[in-house]
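Single-structure report; data block below.
Below, chain A is the first sequence line, B the second, and so on; all start at residue 1.
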Number of protein chains: 2
Amino acid sequence: MSPRRPPGESRRAILEAARRQFAAVGYQRATIRAIARAAGVDPALVIQYFGSKDELLDASLEMPVDIAAVTADLETYPDLGTELVRRALTAWDSPPIRNGLLAMLRTGLSHQRASEALAALVSRSVLGVVERFATGEDARFRAALVGAQIAGLAMGRLALQVPELAEASPDRIARAVGPTITRYLTGDISGDPGADGDGAPAV
Amino acid sequence: MSPRRPPGESRRAILEAARRQFAAVGYQRATIRAIARAAGVDPALVIQYFGSKDELLDASLEMPVDIAAVTADLETYPDLGTELVRRALTAWDSPPIRNGLLAMLRTGLSHQRASEALAALVSRSVLGVVERFATGEDARFRAALVGAQIAGLAMGRLALQVPELAEASPDRIARAVGPTITRYLTGDISGDPGADGDGAPAV
DNA sequence: CTCATTTCTCAACGCTTGTTGATAACTGTC
DNA sequence: GACAGTTATCAACAAGCGTTGAGAAATGAG
């Protein structure tokens with residue numbers, strides 16, 4: 001009666017449904033039963049394919065975003081930050097990328113594994129760019145600053161959907177946030193360069 | 001054997017334990033049973049005092065932070081952003097404030113109520129400052145930008161505990177992030193070339 | 001003391017969860 | 001057609017959850 005799906009199709013459907021669920025409600029509230037229902041499949045099949053809910057999360061967090069493409073050629077732009085933000089916002093329009101990122105955000109603050117994935121994503125993706133302009137500890141600090149700004153933006157625009165951020169055009173946001181990123185990447189981040197020597201300098 | 005606690009003490013202990021639990025693991029993973037155990041109390045008492053887990057969350061999210069104090073006198077500082085960040089970082093050192101904020105972050109991305117509380121906190125606290133320099137839609141956009149930057153910073157430093165952000169001195173972070181805030185508050189955010197905004201000289 | 005009131009515990013209900021083992025249904029190969 | 005292998009379903013389990021209602025224990029007033 002019911003025609004069977006092509007091989008590998010159910011697995012793919014489960015993964016997509018899982019990504020969507022994790023992105024929508026986070027790890028804890030996403031249930032295997034709901035994921036299975038969305039994929040048109042028995043809950044037991046989810047376990048059979050992925051082993052456990054944790055492993056399903058792992059599989060869901062494998063980001064399908066090509067970081068190299070997003071950060072390529074960045075030095076050739078007069079304002080790298082603006083261009084970087086523009087590309088990021090464009091990437092977030094793609095449902096798989098947006099869902100993957102949302103899953104990380106929603107899950108990453110209350111689940112160990114996803115927290116590491118989130119930190120790793122930021123490190124890997126941003127550090128590669130930063131290291132074209134800085135090295136060592138300075139580079140890691142700059143990368144963290146860029147990551148915090150981008151993550152905050154993603155949180156407001158994608159997760160919380162703050163109207164001012166969610167409805168603003170990519171261009172407007174890029175022009176506003178871009179200079180910040182440029183400064184974090186290449187600018188002076190140690191404060192006033194000369195005159196104002198008040199406190200003892202940190203180690 | 002067990003002497004009774006002074007009146008109101010159990011309620012206070014429950015609320016404190018709840019704040020800690022929500023801050024540590026988010027709404028879903030924080031169980032009433034665990035909160036009761038941490039408070040040295042029967043789970044039923046938690047319900048009797050607060051009605052339900054949702055209402056307990058509401059009570060836990062009432063922020064004990066005096067926003068007016070954090071944002072007072074800000075105009076008198078040459079670099080308001082740096083001073084604002086410095087005060088925020090100092091406030092985050094206080095366990096009740098830090099736990100309240102962490103509870104919002106951990107919970108706010110996967111729970112409706114907390115999401116609104118998070119957005120409201122940012123609106124109320126930041127918008128008041130911004131409206132000393134801008135009005136209308138521009139002010140709300142600027143407030144959203146400031147909120148996103150601060151939230152990203154809180155996420156990295158407090159929640160994910162990215163080493164570069166968690167271990168850096170408040171002063172270093174304030175000097176790095178401060179100019180960004182100043183620019184979002186009072187600078188040019190429409191991308192006109194030549195009006196860079198922060199106090200740093202050309203790179 | 002007695003009695004009413006507040007504070008707190010106990011045992012249990014109904015429900016949902018992730019996960020399991022047995023088993024059915026379909027597919028391709030000899 | 002018979003067999004092996006994958007693909008999928010079913011019913012059920014044990015555990016943990018929020019919540020409830022009855023009642024015990026302490027407290028304060030008369």
Side-chain angles (χ1 to χ4, degrees), chain A residues 1-61 103 106-108 110-114, chain B residues 1-61 103 106-108 110-114:
Chain A
M1 285 290 291
S2 52
R4 178 166 290 204
R5 277 193 265 204
E9 235 302 295
S10 287
R11 193 176 207 281
R12 208 199 49 78
I14 290 172
L15 199 54
E16 188 190 319
R19 248 192 273 259
R20 258 208 285 263
Q21 280 284 324
F22 288 139
V25 300
Y27 179 78
Q28 291 287 332
R29 290 185 47 192
T31 68
I32 288 200
R33 285 169 151 92
I35 291 168
R37 201 180 318 125
V41 140
D42 189 274
L45 195 63
V46 177
I47 297 293
Q48 189 164 85
Y49 274 144
F50 293 93
S52 71
K53 192 183 176 184
D54 261 35
E55 293 174 84
L56 177 60
L57 175 67
D58 278 355
S60 302
L61 291 184
R106 291 238 152 84
T107 288
S110 67
H111 193 277
Q112 178 72 16
R113 185 106 48 164
Chain B
M1 281 287 291
S2 53
R4 176 164 291 204
R5 280 194 263 201
E9 235 302 295
S10 287
R11 194 177 206 282
R12 208 200 50 76
I14 291 172
L15 199 54
E16 187 190 320
R19 248 191 271 260
R20 258 208 286 262
Q21 280 283 325
F22 287 139
V25 299
Y27 180 77
Q28 290 287 333
R29 291 184 47 191
T31 68
I32 287 199
R33 286 168 149 93
I35 291 168
R37 203 178 316 125
V41 142
D42 189 273
L45 195 63
V46 178
I47 297 293
Q48 183 160 340
Y49 275 146
F50 293 92
S52 70
K53 190 182 177 185
D54 260 35
E55 293 173 85
L56 176 61
L57 176 66
D58 277 356
S60 303
L61 291 184
R106 291 237 151 84
T107 288
S110 66
H111 192 278
Q112 178 71 13
R113 185 105 49 165

Atom-to-atom span, [atom1] of [X] to [atom2] of [N] - whole angstrom:
{"X": "B/Q28", "N": "C/dG18", "atom1": "CD", "atom2": "C1'", "value": "15 Å"}
{"X": "B/I35", "N": "D/dT19", "atom1": "CD1", "atom2": "C1'", "value": "14 Å"}
{"X": "A/I32", "N": "C/dT19", "atom1": "CD1", "atom2": "C1'", "value": "8 Å"}
{"X": "B/E55", "N": "D/dG18", "atom1": "CD", "atom2": "C1'", "value": "13 Å"}
{"X": "A/D42", "N": "D/dA12", "atom1": "CG", "atom2": "C1'", "value": "12 Å"}
{"X": "A/E9", "N": "C/dC26", "atom1": "CD", "atom2": "P", "value": "18 Å"}
{"X": "A/Q21", "N": "C/dT17", "atom1": "CD", "atom2": "P", "value": "11 Å"}

Quiz item: Looking at B/I35 and B/L56, what are the two nearest heavy atoms and their distance?
Solution: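 Heavy atoms of B/I35 and B/L56 come nearest at CD1-CD2, 4.0 Å.
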
Self-check item: Closest approach of B/R106 to B/A24 (non-hydrogen atoms, all atoms of both residues)
Solution: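 In this case the closest contact between B/R106 and B/A24 is NH1-O, 3.6 Å.
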
Quiz prompt | Of the listed nucleotides C/dT19, D/dT9, C/dT7, the one nearest the side chain of B/Q48 | solution =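 The closest nucleotide is C/dT7.
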
Quiz prompt | Side chain of A/P43 - closest among D/dT19, C/dT7, C/dT19 | solution =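 Selected nucleotide: C/dT19.
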
Quiz prompt | Flag side-chain contact, heavy atom, 4.5 Å: A/H111 against A/D54 | solution =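 Counting from C-beta outward, A/H111 and A/D54 do come under 4.5 Å.
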
Self-check item: Polar side-chain atom of A/T107 near backbone of A/Y27 as donor-acceptor pair, under 3.5 Å
Solution: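 Yes: the side chain of A/T107 pairs with the backbone of A/Y27.
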
Quiz item: Below 3.5 Å, does any donor atom in the side chain of B/R33 face an acceptor in the base of D/dG18, or the other way round?
Solution: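 Yes, a donor-acceptor pair under 3.5 Å.
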
Quiz prompt | Side-chain N or O of B/S10 closer than 4.0 Å to phosphate OP1/OP2 of C/dT7 | solution =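 Checking B/S10 against C/dT7: no side-chain N or O falls below 4.0 Å of OP1 or OP2.
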
Quiz item: What is the nucleic acid contact for A/A30, judged by heavy atoms within less than 4.0 Å: base, sugar-phosphate only, or nothing?
Solution: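 A/A30: backbone/sugar contact only, no base atoms under 4.0 Å.
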
Exercise. Could you check whether B/Y49 gets within reach of a base, just the sugar-phosphate, or nothing at all, counting any heavy atom under 4.0 Å?
Key: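 Sugar-phosphate contact only.
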
Practice problem: Find which nucleotide of DNA chain C each of B/A44 and B/G8 is nearest to by heavy atoms, and output the residue with the more 5' nucleotide. | Solution: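 Final value for this comparison: B/G8.
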
Practice problem: May I ask you to decide whether B/R19 forms a salt bridge with B/E16, counting only side-chain N to carboxylate O separations under 4.0 Å? | Solution: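 Not counted as a salt bridge, because no side-chain N and carboxylate O are separated by less than 4.0 Å.
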
Self-check item: First encountered from the 5' end of DNA chain D, between A/L45 and B/T31
Solution: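 With B/T31 and A/L45 compared, the 5'-side residue is A/L45.
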
